[in-house]
Amino acid sequence: MKFFLDTADIGEIETGLEWGMVDGVTTNPSLIAKQGKPYLPTVREIAELVPGPVSGEVLATDLEGMLEQGRRLAGLADNVVVKVPLGPPGLTAVRRLAAEGIRCNVTLCFSPSQALLAGKAGAAYISPFVGRLDDIAQDGMDLIRQVIAIYSHYDFGTEVLVASARHPVHVVLSAEMGADVITLPFKTLSQLYRHPLTDIGLNQFLSDWETTGRSFDDE
Ligand code: E4P
């Protein structure tokens with residue numbers, strides 16, 4: 001399963017890349033707004049930094065606007081994937097952009113029928129939002145299970161990108177289900193490394209060695 005970072009924070013991306021765990025990045029208008037920087041230059045800066053796919057979202061809501069902004073986003077760098085919201089204009093834009101060789105990530109997916117439409121439209125990625133479904137007392141991971149089952153019957157070529165992941169359980173369940181990609185806030189990526197027994201065990205090893213009074217280099 002590929003790990004994307006869900007952020008527009010350059011420091012977080014640099015750290016994730018240094019850890020060797022970042023295969024790509026997803027952004028959205030809220031994440032870029034948080035950085036207080038201009039829109040397109042921020043997507044370009046991230047795309048130049050990250051070797052893998054970087055999703056940048058259109059701000060337009062009409063078809064012509066989405067096409068125009070999608071082409072401009074895709075023109076920033078070869079690895080930019082155009083993020084398009086679900087709905088008739090969005091999925092029509094996906095079909096048209098795909099015909100031009102532009103890869104799209106269909107965002108704000110909350111149902112299996114929406115995912116089916118995105119696959120038929122030729123999306124490169126479908127982004128079901130698990131955390132936001134959990135927020136309204138539905139099981140977000142059920143949606144992932146359904147989308148993977150539906151896509152397994154067809155040849156859409158659309159990757160299942162688990163979005164709105166909020167904690168390590170989302171990550172483990174996504175991996176068990178065989179999702180192609182999960183996009184994570186930096187905090188969740190960091191949490192994956194941690195276990196209290198790892199810390200306790202390490203402290204014990206080091207304090208036991210310290211009682212010898214010897215150093216690593218002693219012969
Ligand atoms: C996906 O690409 C979105 O940017 C993101 O995962 C949304 O997550 P949130 O629901 O935590 O805002």
Side-chain angles (χ1 to χ4, degrees), residues 1-10 12-13 16 21-35 37 39-40 42-43 45-47 49-50 52-61 66 69-70 73-74 76 79-87 90-91 93-94 97 102-111 114-115 118-119 121 123-144 147-148 158-175 177 179-192:
M1 187 168 69
K2 284 167 273 190
F3 283 177
F4 290 179
L5 266 188
D6 196 30
T7 185
D9 183 314
I10 298 296
E12 290 182 350
I13 295 168
M21 285 295 167
V22 173
D23 303 301
V25 166
T26 52
T27 66
N28 64 39
S30 310
L31 292 170
I32 296 180
K34 230 164 67 181
Q35 298 306 308
K37 299 200 298 197
Y39 202 75
L40 288 178
T42 303
V43 176
E45 185 182 5
I46 297 169
L49 190 62
V50 177
V54 172
S55 291
E57 189 162 337
V58 296
L59 297 176
T61 52
M66 286 180 180
Q69 292 184 358
L73 280 159
L76 293 175
N79 56 338
V80 171
V81 174
V82 178
K83 216 172 178 190
V84 176
L86 245 146
L91 294 188
V94 168
L97 292 170
I102 295 173
R103 289 156 53 77
C104 294
N105 171 359
V106 174
T107 190
L108 292 167
C109 170
F110 294 97
S111 77
Q114 290 180 319
Y125 300 96
I126 181 66
S127 288
F129 276 39
V130 295
R132 293 190 193 190
L133 281 170
D134 292 352
D135 288 345
I136 59 159
Q138 291 186 24
D139 185 349
M141 292 313 297
D142 263 355
L143 174 58
I144 301 303
V147 176
I148 289 174
T158 306
E159 293 192 53
V160 178
L161 191 169
V162 179
S164 185
R166 303 270 173 79
H167 48 68
V169 176
H170 282 146
V171 182
V172 172
L173 291 175
S174 298
M177 290 176 196
D180 300 292
V181 192
I182 187 164
T183 188
L184 302 171
F186 182 77
K187 181 182 164 210
T188 311
L189 176 64
S190 313
Q191 286 171 328
L192 295 178

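Counting convention: from 1, in listed order, for ligands and their atoms alike. Fair warning: this is a prediction, and the values are worked out from it, not measured in the lab.
- The backbone N or O of Ala163 lies less than 3.5 Å from no partner atom in the side chain of Asp6, so there is not a single donor-acceptor pair.
- Contact check for Leu192 versus Leu184: side-chain heavy atoms found under the 4.5 Å cut-off.
- The shortest separation from a heavy atom of Thr107 to ligand 1 is not under 4.0 Å, leaving the residue out of contact.
- For ligand 1 and Arg132, the ligand atoms under 4.0 Å from any heavy atom of the residue are 7 (C), 9 (P), 10 (O), 12 (O).
- Put simply, the side chain of Lys83 gets close to the backbone of Thr27: a donor and an acceptor are under 3.5 Å apart.
- Nearest heavy atoms, Val58 versus Val82: CG1-CG1, 3.8 Å.
- Counting heavy atoms closer than 4.0 Å to ligand 1, residue Ala163 contributes atoms from both its backbone and its side chain.
- Pairing each heavy atom of Ala118 with each of Ile126, the nearest pair is CB-CD1, 3.5 Å.
- Across all their heavy atoms, Ala165 and Thr188 have their closest contact at O-OG1, 4.4 Å.
- Per-residue contacts place Arg166 under 4.0 angstrom from the following atoms of ligand 1 (heavy atoms of the residue considered): 9 (P), 10 (O), 11 (O).
- Of the candidates Ser164, Ser30, Ala8, it is Ser164 that places a heavy atom closest to atom 6 (O) of ligand 1.
- Nearest to atom 7 (C) of ligand 1 by heavy atom, out of Tyr125, Phe4, Phe129, is Phe129.
- Atom numbering of ligand 1 starts at 1 in the shown order; those under 4.0 Å from a heavy atom of Asn28 are 3 (C), 4 (O).
- Taking a 6.0 Å sphere around NZ of Lys37, one finds it holds more than 12 heavy atoms contributed by other residues, nucleotides or ligands.
- For atom 2 (O) of ligand 1, the closest heavy atom belonging to the protein is Lys83 NZ, 2.6 Å.
- Given atom 5 (C) of ligand 1, the protein heavy atom at minimum distance is Asp6 OD2, 2.8 Å.
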